[in-house]
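Just so it is clear: chains get the letters A, B, ... in the order the sequence lines come, proteins before strands, and each one is counted from 1. All values below come from the heavy atoms of this structure, side chains included, with hydrogens, waters and symmetry mates left out.
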2 protein chains.
Amino acid sequence: MYEQLAKSIGEKVALTTEEFELCKTFFIPKKIRKKQTLLLEGDICTYNAFIEKGVLRSYTIDDKGNEHIVQFGFEGWWVTDLSSYLTGANSIYTIEAIEDSELLLLTASAREELMIQLPAFERYQRLLLQNAYIALQTRINSALNETAEEKYLKLTASYTNIIARVPQHMVASYLGLTPETLSRVRKQISLRK
Amino acid sequence: MYEQLAKSIGEKVALTTEEFELCKTFFIPKKIRKKQTLLLEGDICTYNAFIEKGVLRSYTIDDKGNEHIVQFGFEGWWVTDLSSYLTGANSIYTIEAIEDSELLLLTASAREELMIQLPAFERYQRLLLQNAYIALQTRINSALNETAEEKYLKLTASYTNIIARVPQHMVASYLGLTPETLSRVRKQISLRK
DNA sequence: AAATGGCATTGATCTAAATCAATTTTATTT
DNA sequence: AAATAAAATTGATTTAGATCAATGCCATTT
């Protein structure tokens, strides 16, 4: 149940077996079925969820009722509404399982305590954030300055897992395109080669 | 010369006077004039720059030669190409002063050493990153799902300093709009009230 | 003060992607 | 396996914003 977490932490910092055992005690294991939600828009996000198994998505809903996917999460990734989680504000995102998933939940206070008891965990969290920040900056640039086709091609090149495990209309939403446009973009690409 | 830095750190963590004095020794002060660059696309980004005074922007240049502004930096903010700074890869951004500016530069190795000697500084860096990440996520959502007018109105509501101190065509670039479109959007807004 | 070059504005036209609508294909549920 | 629902495709039309082009406006520099 803690394989992915051990792997993720081990890639960033070195922990002894005892330290990792201590670490484990701060998490709450939870299984969640496809289409179930971990967080509903408007609620307070009490958990940062590490994904041991499965796929989740976080999304906003606009005035017209359209869903806009902000992030996907796969094995070895974290998902949360960071703003709500850290400040206790009402969440603007809904987090939902795309597949049956196994999660390890960490409350904000458990996380604070863990970072104090285990400085390496704070370092791990910072390193994760750095990578996430770099990825988001690339995505901003893509969102603002690329055509529909460029966005899709870059996604297929960099995030094979998204294409493989996420329904096409959700990929469209993630890229800020309509399902129709993504379908046509794919058609164009397939015709050309 | 270190007022803004003291303020920025003080908002996140508590340092003794001696600790802050130690901290200061890791930084290299540098003045940079308007239109001068701190980093050129293709070079390796050797510094994380804290802005004591002034305004900077970081931007990419696409195949057609168009500039796309990724970030502005004001007093009390940090600017760098995080990816290049951390990994040593060639930078994809250019960082340039919009006004004459005063910077405090921190090399990657100085930063590492400072985080080891002063764990509070690692905490400070993580807290900064958390806020930056939250802000970027909001921006992604805006970039993908809002109209030109909505983007502009939200920017004016949240980032008065950008509107006040940055030329309009750079604001347009930051929002992913052409200068013409931003001009028309502003016209529409002014006509309505 | 005149001159130069970068900015902002305004108009006309074009285009990528959205919207609306219908059909086919693929998944779920019973 | 049949029925139902959800997803993807395809076509016709609309539209927000880009592009192209011209003019006026400041702000530096001389």
query = Under the ring pair (Phe, Tyr, Trp, His ring centres under 6.0 Å) test, which residues partner Phe72(A), sequence neighbours left out?
reply = Tyr174(A)
ask   = Counting only non-hydrogen atoms, which of residues 94-102 of chain A are less than 4.0 Å from DNA chain C?
value = none
ask   = Shared ILVMFWY cluster between Leu177(A) and Ile163(A), side chains joined below 4.5 angstrom?
value = yes
inquiry  = Checking one residue: Tyr47(A). Which other hydrophobic residues are in its cluster under the side-chain 4.5 Å linking rule?
reply    = Ile28(A), Ile32(A), Leu38(A), Leu39(A), Ile51(A), Leu56(A), Val79(A), Ile95(A), Leu103(A), Leu105(A)
query = Could you state the CD-C1' distance from Glu180(B) to dA22(D), rounded to the nearest angstrom?
reply = 12 Å
request  = Please identify each residue that fulfils salt bridge (Lys or Arg N to Asp or Glu O under 4.0 Å) with Glu21(A), with sequence neighbours left out.
outcome  = Lys24(A)
request  = Please name all residues satisfying salt bridge (Lys or Arg N to Asp or Glu O under 4.0 Å) with Lys30(A), sequence neighbours left out, ordered by chain then number.
outcome  = none
Asp100(B) with Lys34(B): basic N within carboxylate O range, under 4.0 Å = no
query = Taking only residues two or more places apart in sequence, or in another chain, which ones meet Glu150(A) in a salt bridge (Lys or Arg N to Asp or Glu O under 4.0 Å)?
reply = none
ask   = Taking atom types as they are modelled, is there a donor-acceptor pair under 3.5 Å from the base of dT10(D) to the side chain of Arg186(A)?
value = no
Side-chain donor/acceptor of Thr156(B) to backbone N/O of Tyr152(B), under 3.5 Å = yes
message = Check this for me, if you would: do Glu112(A) and Arg123(B) make a salt bridge, where the nitrogen-to-carboxylate-oxygen distance has to be below 4.0 angstrom?
response = yes
task = Give a yes or no on whether a salt bridge exists between Glu67(B) and Arg57(B), defined as a side-chain N under 4.0 angstrom from a carboxylate O.
result = yes
inquiry  = For the backbone of Met1(A) and the side chain of Glu3(A), can you confirm whether one donor and one acceptor N or O come within less than 3.5 Å of each other?
reply    = yes
key: Bend angle of the helix from dA8(C)-dT23(D) to dT30(C)-dA1(D), end axes from five pairs each (to 10°)   = 50°
Residue-level proximity of residues 166-176 of chain B to DNA chain D when a heavy atom falls under 4.0 Å = Gly176(B)
key: side-chain hydrogen bond (donor to acceptor under 3.5 Å, both in side chains) contacts touching residues 75-95 of chain A (sequence neighbours left out)   = Glu75(A)-Arg165(A), Trp78(A)-Tyr124(A), Asp81(A)-Ser91(A)
query = Of the residues in residues 144-151 of chain A, which ones touch DNA chain D at a heavy-atom distance under 4.0 Å?
reply = none
key: Nucleotide dG24(D), atom P - distance to NZ of Lys187(B) in whole Å   = 15 Å
message = Under 4.0 Å between a side-chain nitrogen and a carboxylate oxygen: does that hold for Lys154(B) and Glu149(B)?
response = no
ask   = With Arg126(B), which residues qualify under salt bridge (Lys or Arg N to Asp or Glu O under 4.0 Å), at least two apart?
value = Glu122(A)
ask   = Which part of the nucleic acid, if any, lies within reach of Leu182(B) when heavy atoms closer than 4.0 Å are counted: base, sugar-phosphate only, or nothing?
value = nothing
query = Within this structure, what is the CZ-to-P distance between Arg184(B) and dA16(D), rounded to whole angstrom?
reply = 13 Å
task = Extract, from 5' to 3' on DNA chain C, the first and final nucleotides lying under 4.0 angstrom from some heavy atom of chain A.
result = dA17(C) to dT28(C)
ask   = Taking atom P of dA16(D) as reference, at what distance in whole Å does atom CD of Gln188(B) sit?
value = 11 Å
task = Using distance alone, with no hydrogens and no angle criterion, decide if Asn141(B) and His68(A) have a side-chain donor and acceptor under 3.5 Å apart.
result = no
query = Between Tyr59(A) and Glu96(A), does any side-chain donor sit less than 3.5 Å from a side-chain acceptor?
reply = yes
Nearest-angstrom distance from the residue atom CD1 of Ile163(A) to P of dA7(D) = 17 Å
